[in-house]
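Structure first, commentary second.
Each chain gets a letter, A, B and so on, in the order its sequence line appears, and its residues count up from 1.
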Amino acid sequence: MQIYDSVQKKKVPFEPIIPRKASIYVCGPTVYDDAHLGHARSSLSFDLLARTLRALRYEVTMGKNFTDIDDKIIKKIQETGQSLEEITTHYIARYLEDMRALGVQDADIKPKATESLEAIESMIQRLIDQDNAYIISNGDVYFDTSKDTHYGSISHQVGDDATNQSRVEHTSEKRNPKDFALWKACQSHDEICFDTAFSRGRPGWHIECSAMIEKHFEGNDQYSIDIHGGGADLLFPHHENEAAQSRCATGHELAKYWMHNGFVNINGEKMSKSLGNSFFVKDALTIYDGEILRNYLISVHYRNDFNFNEEDLLSSKKRLDRLYRLKKRISPTGTSKPNKTFQKAILEAMSDDMNISVALALVDEMISEANDKLDANPKDKGIKKETMANIEFIHELLGLGGKEPFSYFQLGIDEATKYKIESLIAARNEAKKAKDYAKSDAIRDKITAMGISLMDTAEGTLWEKV
RNA sequence: GGCGACAUCGCCAAGCGGUAAGGCCGCAGCCUGCAAAGCUGCUAUCCCCGGUUCAAAUCCGGGUGUCGCCUCCA
């Protein structure tokens, strides 16, 4: 397995710290609102990574946190009058629901900041004791970036000198411009606060990931985990800061490899709340099935920017339709072993830093070949069984093609409509039998107008929702 | 101001020095009562200008353009 390490900025062989095991930690969402397409992209990227490693027989442990203490959550509490727990419980459930709809496998470890306070306090206390962190007059605790000689080694962002026109606010009491808050002391009574030895307050953003990783993963004396992932925007400062505080507190590096997924753009611009162009997963799901969205969102390599638009979504759906049409064609049938050459080729593609384009091209090729063979030998059970096994393999590796094919083509059709379609088809077939083609074509036009496409096959007339 | 990414057929998208995968769309054919589906065939020299090399979309230099990070952000 080769992966692209965004710290080394090149593809490197994946050599886990414990042979045959892979520990992955991905920065999860702050739970104050529903998941948007960017969250989906990140989840999907690392879902594919975990699936690929599992297919390569690695024992994968995936951790993904929920940030459930944060300024934005506090703001939501003030706006809605709901409790912190009510808000975060709701959005955590919503997030998991949306990601499952996209076929994302649940993380093995799902820590929350509120459940990691001891680990957070312990790490901050150690940093203070080591003089890597300091407390300012209002009780805030800051990490002293000048104490970490490797600060900057993750993002390669350096220089907080006079030429740096960073927009960071310079708190007068900060020793260095890049120092960041490990702990934010309470300034008033209506805030969410926790007691610690240093002050009453709440954790800063970066510390939770470091503390959670220390708490949940063992690692070795060089690294805590194998792979740390997240969106490209987290590289700096979030991951740089995580790395720094972990390095200083634990004496070893946080992660052996760092991976970052690209953004989702809408009309060529980064999707973000402030631009008002964010797109919720739940809204997309009311129009398109989760698997169709999944198929679309994974179709671009995870490191590239993704330009979301409906036209491309529809063309990628047609690609998925081909897979299900083949599955429909061979159903019902048993299953045997997947074709070795196919299996090997697709695993090789995914092992190359998840080259999804090549993997999907191989799927297309497999579909064409199977159709070709079935054209020649429509009843060959061996072909059918191997094809079914191939599709099952695709489902396991890429999370595609797992549905019952007839239902796939009838998504969103209610029973009454279904009955109507089928009775129209019966009427059409009678007209066809009587060679009254004017009538049969008129009926077909009526069905087409309903958004249904007909296929006359040896097994009878089949229909699909377009 | 600092750091970085990207630019390949109408659209999406592989390619990582050896002579341009795949999908969508389009055209032609087979099949079909006609369609649909399926199958077959057809459609690009890679933003521009230099350079290295027997050989470059792929490496180097210089442009142009688009985007991102440096502030909460997947």
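- For B/rG68, its base never sits under 3.5 Å from the side chain of A/D305 at any donor and acceptor pair.
- OP1 or OP2 of B/rG23 has not a single side-chain nitrogen or oxygen of A/K317 nearer than 4.0 Å.
- For the pair A/N304 CG and B/rG68 C1', the computed distance is 13 Å after rounding to whole Å.
- A salt bridge does not link A/K384 with A/D380: every distance from a Lys NZ or Arg NE/NH1/NH2 to an Asp or Glu carboxylate oxygen is 4.0 Å or more.
- When heavy atoms are screened at a 4.0 angstrom cut-off, A/H36 is found touching base atoms of the nucleic acid.
- Separating the CZ atom of A/F236 from the C1' atom of B/rC70 is a distance of 6 Å, rounded to the nearest angstrom.
- At the heavy-atom level, A/G231 lies under 4.0 Å from the strands shown only through sugar-phosphate atoms.
- Taking every side-chain heavy atom of A/S357 into account, B/rA14 is the closest of B/rA14, B/rC39, B/rG33.
- A distance of about 27 Å separates the P atoms of B/rC6 and B/rA44, rounded to the whole Å.
- Between B/rG23, B/rG38, B/rG33, one nucleotide has an atom nearer to the side chain of A/Y437 than all others, and that is B/rG33.
- Base engagement by A/R444 is indicated by at least one non-hydrogen atom pair under 4.0 Å involving a base atom.
- Nucleic acid contact class of A/S440 (heavy atoms, under 4.0 Å, all strands): base.
- Of the candidate nucleotides B/rC39, B/rG22, B/rC12, B/rC39 has the atom lying nearest to any side-chain atom of A/D372.
- Between A/D289 and A/K403 there is a salt bridge, since at least one side-chain N of the basic residue sits less than 4.0 Å from a carboxylate O of the acidic one.
- Ion pairing of A/E464 with A/R325 is present here, as a side-chain N (NZ or NE/NH1/NH2) and a carboxylate O approach within less than 4.0 Å.
- Nucleotide B/rA74 holds its P atom 19 Å from the CG atom of A/L49, rounded to whole Å.
- If you check every strand for non-hydrogen atoms under 4.0 Å, A/D364 touches sugar and phosphate atoms only.
- Ring stacking is absent between A/F263 and B/rA74, as the pair misses the limits of under 5.5 Å between centres and under 30 degrees between planes.
- Nearest approach of A/H228 to A/C27, heavy atoms of both residues: NE2-SG, 3.5 Å.
- In terms of polar N and O atoms assigned as donor or acceptor, the side chain of A/D456 comes within less than 3.5 Å of the base of B/rC34 in a complementary pairing.
- For the OP1/OP2 pair of B/rC70 and a distance below 4.0 Å, the side-chain nitrogens and oxygens of A/K178 include no atom meeting the criterion.
- The aromatic rings of A/H260 and A/W258 sit parallel to each other, their planes meeting at less than 30°, with 60° as the upper class boundary.
- The distance from atom CG of A/L374 to atom C1' of B/rA37 is 13 Å, rounded to the nearest whole Å.
- Of the candidate nucleotides B/rG22, B/rG33, B/rC39, B/rG33 has the atom lying nearest to any side-chain atom of A/K432.
- A/D436 and A/R428 are not joined by a salt bridge, as no carboxylate oxygen comes within less than 4.0 angstrom of a charged side-chain nitrogen.
- Backbone-only engagement by A/S42 is indicated by non-hydrogen atom pairs under 4.0 Å involving sugar-phosphate atoms exclusively.
- Protein atom CG of A/N429 is 14 Å distant from nucleotide atom C1' of B/rA36, rounded to whole Å.
- Nucleotides B/rG2 and B/rG63 place their P atoms 14 Å apart, quoted to the nearest Å.
- Side-chain nitrogen and oxygen atoms of A/N355 include none within less than 4.0 Å of the OP1 or OP2 phosphate oxygen of B/rA14.
- If you check every strand for non-hydrogen atoms under 4.0 Å, A/R325 touches sugar and phosphate atoms only.
- Smallest separation of non-hydrogen atoms from A/G231 and A/S42: N-OG, 4.4 Å.
- Here, B/rG33 and B/rA28 have their C1' atoms 22 Å apart, quoted to the whole Å.
- Side-chain proximity of A/H301 to B/rA14, B/rG68, B/rG38: nearest is B/rA14.
- The CZ-P distance, from A/F306 to B/rA74, rounds to 18 Å in whole Å.
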Legend entry - Derivation and outcome, side chain to side chain contact (heavy atoms under 4.5 Å, CB included), residues A/K110 and A/K64: CA-CA 5 Å; A/K110 297 189 278 279; A/K64 178 147 75 177; 5.6 Å; no
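- If you take OH of A/Y302 and P of B/rA5, they are 15 Å apart, rounded to a whole angstrom.
- For the P atoms, the distance from B/rA56 to B/rC46 is 12 Å, rounded to whole Å.
- When heavy atoms are screened at a 4.0 angstrom cut-off, A/K9 is found touching the sugar-phosphate backbone but no base atom.
- The same atom, P, is picked in B/rA74 and in B/rG17; the two are 36 Å apart, to the nearest Å.
- A donor-acceptor contact under 3.5 angstrom links the side-chain atoms of A/K11 to the base of B/rC16.
- Looking at A/Q157, its side chain comes within 3.5 Å of the base of B/rG2 through a donor and an acceptor atom.
- Looking at heavy-atom distances under 4.0 Å, A/K318 makes contact with sugar-phosphate atoms alone, never a base.
- For the pair A/M350 CE and B/rA14 P, the computed distance is 13 Å after rounding to whole Å.
- Remark: the separation of the P atoms in B/rA37 and B/rC27 is 13 Å, to the nearest Å.
- Listed here is the closest heavy atom pair of A/T145 and A/K178: CG2-O, 3.4 Å.
- Across all strands, A/L235 comes closer than 4.0 Å to no nucleic acid atom at all (heavy-atom distances).
- Nucleic acid contact class of A/V300 (heavy atoms, under 4.0 Å, all strands): sugar-phosphate only.
- Annotation: B/rC47 and B/rA20 have their P atoms spaced 16 Å apart (nearest Å).
- In this structure B/rG29 sits in a base pair with B/rC39, meeting the Watson-Crick or G-U test at under 3.5 Å.
- Side-chain proximity of A/V358 to the nucleotides B/rA74, B/rC39, B/rA14 is greatest for B/rA14.
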